[in-house]
J.: 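This is the structure I have questions about; it appears just below.
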There are 2 protein chains.
Amino acid sequence: MASMTSMDGPVYREIARSITQRLELGAWKPGEAIPSETRLKEEFGVAIGTVRKAVDELVAQGILLRQQGRGTFVATHNRERQLFRYFHIERQDGYKEYPEVKLTGFERIRLGREAADKLALHEGDRAVRLRNTLSLEGRAMMIEDITLPEALFPRMTEKKLRERPNTLYKLYQDDYRISVVRTAQRLSAGVAPRDVARLLDLPAGLPVLVIRRVAYAYHDKPVEFRVSYVDTRAHDYVGDTHR
Amino acid sequence: MASMTSMDGPVYREIARSITQRLELGAWKPGEAIPSETRLKEEFGVAIGTVRKAVDELVAQGILLRQQGRGTFVATHNRERQLFRYFHIERQDGYKEYPEVKLTGFERIRLGREAADKLALHEGDRAVRLRNTLSLEGRAMMIEDITLPEALFPRMTEKKLRERPNTLYKLYQDDYRISVVRTAQRLSAGVAPRDVARLLDLPAGLPVLVIRRVAYAYHDKPVEFRVSYVDTRAHDYVGDTHR
DNA sequence: CCCAATTTGTTCGTATGTATA
DNA sequence: TTATACATACGAACAAATTGG
């Protein structure tokens with residue numbers, strides 16, 4: 001049997017934990033298949049139903065993905081997932097579209113109090129601050145100010161960000177072995193800072209939707225803090241509850 | 001075997017559908033137990049594992065609730081659920097509290113275009129419009145304008161609303177056999193209408209968070225449309241993504 | 001306090017179906 | 001066609017929680 005940190009609880013949960021750990025250590029990369037259920041059942045020395053129940057949990061959490069006849073795969077952060085799994089922007093008439101994302105800011109900073117708090121780090125720790133401008137139909141309608149701690153994202157460069165072919169979360173996965181599994185967000189209405197208002201072409205004083213989001217990797221480790229400003233004159237921030 | 005609309009697909013899904021239908025017809029009321037798995041297995045003439053898989057689905061959807069040693073129960077809309085399952089308001093420092101809800105408006109109206117659209121009904125259909133004022137620590141910080149179509153909520157009265165001991169959703173369940181299972185919401189930032197601003201004690205022009213929410217019952221039937229205005233000077237609208 | 005019955009939870013093992021390469 | 005992988009369904013045994021006597 002493969003070594004498991006033998007905590008309490010049912011076997012299938014131990015197996016789920018074990019798989020998550022190996023995932024975290026990079027045993028299988030995003031997009032790759034994990035061993036088949038028959039293999040896992042032998043590795044862990046349990047019945048196949050027990051393996052299935054473990055995998056079920058990780059699938060429900062969005063960490064793994066099954067495909068009948070092919071295998072079980074490590075989830076990737078492609079655009080589809082971005083659009084459907086998490087909250088997203090939609091035109092008020094319901095029309096959906098991928099926003100065009102442009103990097104419009106990059107600097108090295110020290111963590112402020114809020115960011116340090118959300119990232120479970122310390123004030124003054126080194127970090128990278130980047131700004132994305134998201135456009136729909138050629139009009140900027142969302143600004144994202146993203147804070148990435150140096151400790152987790154060493155040697156992050158503007159070039160790397162500019163040349164990424166996919167989503168940001170995919171870059172985290174591919175280059176830093178960091179998989180965002182969950183996000184938590186707090187929403188409020190506010191007035192955009194002057195520079196943001198200018199980028200959004202907003203008349204002074206017009207309200208924007210402010211989103212403060214923390215992204216978490218495996219084991220609820222916070223990895224990214226993001227403040228977004230949305231021009232909601234023509235677009236809404238859309239989300240479902242209960243799945 | 002109990003009669004099932006014999007569509008295609010796996011047996012366990014048929015069973016899940018069948019249970020949902022009987023739930024919808026009021027076979028078991030919210031809070032009550034449904035038949036035990038052994039009973040269901042006999043009723044449907046399948047293995048117990050198949051019943052369990054069906055129930056698993058409904059549990060995942062938040063429709064049923066299992067309790068080891070006791071039984072499987074129809075989910076109710078108590079305050080706990082309200083606070084944790086759906087989006088909710090939280091003080092910016094993270095402090096959670098049940099808001100005090102007060103009915104501050106009641107009138108009979110005709111559906112406007114937006115409400116009719118969201119409720120899959122027709123403009124001009126009869127409805128009830130009610131207004132809730134939510135307060136935290138004695139200060140009003142959220143106004144909810146709720147539209148309930150007459151067709152689904154016949155003979156709704158102000159008295160009934162004022163005297164409800166529980167949440168609104170619980171009233172829907174108990175008095176109208178309507179169980180809200182899912183909600184979809186669109187968020188934006190805006191300026192509160194004059195009357196709302198007055199209720200929230202908001203200086204003119206200050207932004208509020210505007211939430212347009214549609215609540216759905218079984219089979220994705222829309223039953224309630226709600227527009228909420230949140231004073232986010234000291235509170236946030238909080239939600240999780242993943243699962 | 002303990003016992004017995006009931007109910008869900010976990011685990012085992014097997015057989016067969018369906019999708020993919 | 002064949003082999004592989006996940007999906008469905010069956011059945012059984014025991015564990016754990018709850019309830020009522």
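Here the structure is a predicted model, which is why all the values come from computation and not from measurement. In what follows, every chain begins at residue 1, and chains take the letters A, B, ... in the order their sequences are listed.
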J.: Taking protein heavy atoms under 4.0 Å as touching, what does nucleotides 5-14 of chain D look like 5' to 3' if B marks base contact, S marks sugar-phosphate-only contact and - marks none?
T.: BBSBSBS---

J.: So, A:R13 and A:E57, do they make that salt bridge, N to O below 4.0 Å?
T.: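 So A:R13 pairs with A:E57 through a salt bridge.
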
J.: Mind calculating the distance between CG (B:L65) and P (C:dT7) to the nearest angstrom?
T.: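 Taking atom P of C:dT7 as the reference, CG of B:L65 is at 17 Å.
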
J.: Would you call B:E37-B:R66 a salt bridge at under 4.0 Å N-O?
T.: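 Salt bridge flag = yes for B:R66 with B:E37.
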
J.: Below 4.0 angstrom, N of the basic side chain to O of the carboxylate: do B:D145 and B:R226 qualify?
T.: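 Result for this pair is no, no salt bridge flagged.
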
J.: Considering only NZ, NE, NH1 and NH2 on the basic side and carboxylate oxygens on the acidic side, decide whether A:R39 and A:E43 come within less than 4.0 Å.
T.: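 Answer for the salt bridge query: no.
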
J.: Could you work out, with side-chain hydrogen bond (donor to acceptor under 3.5 Å, both in side chains) as the rule, every residue matching B:R155, not counting sequence neighbours?
T.: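 By the side-chain hydrogen bond (donor to acceptor under 3.5 Å, both in side chains) rule, B:R155 matches no residue at all.
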
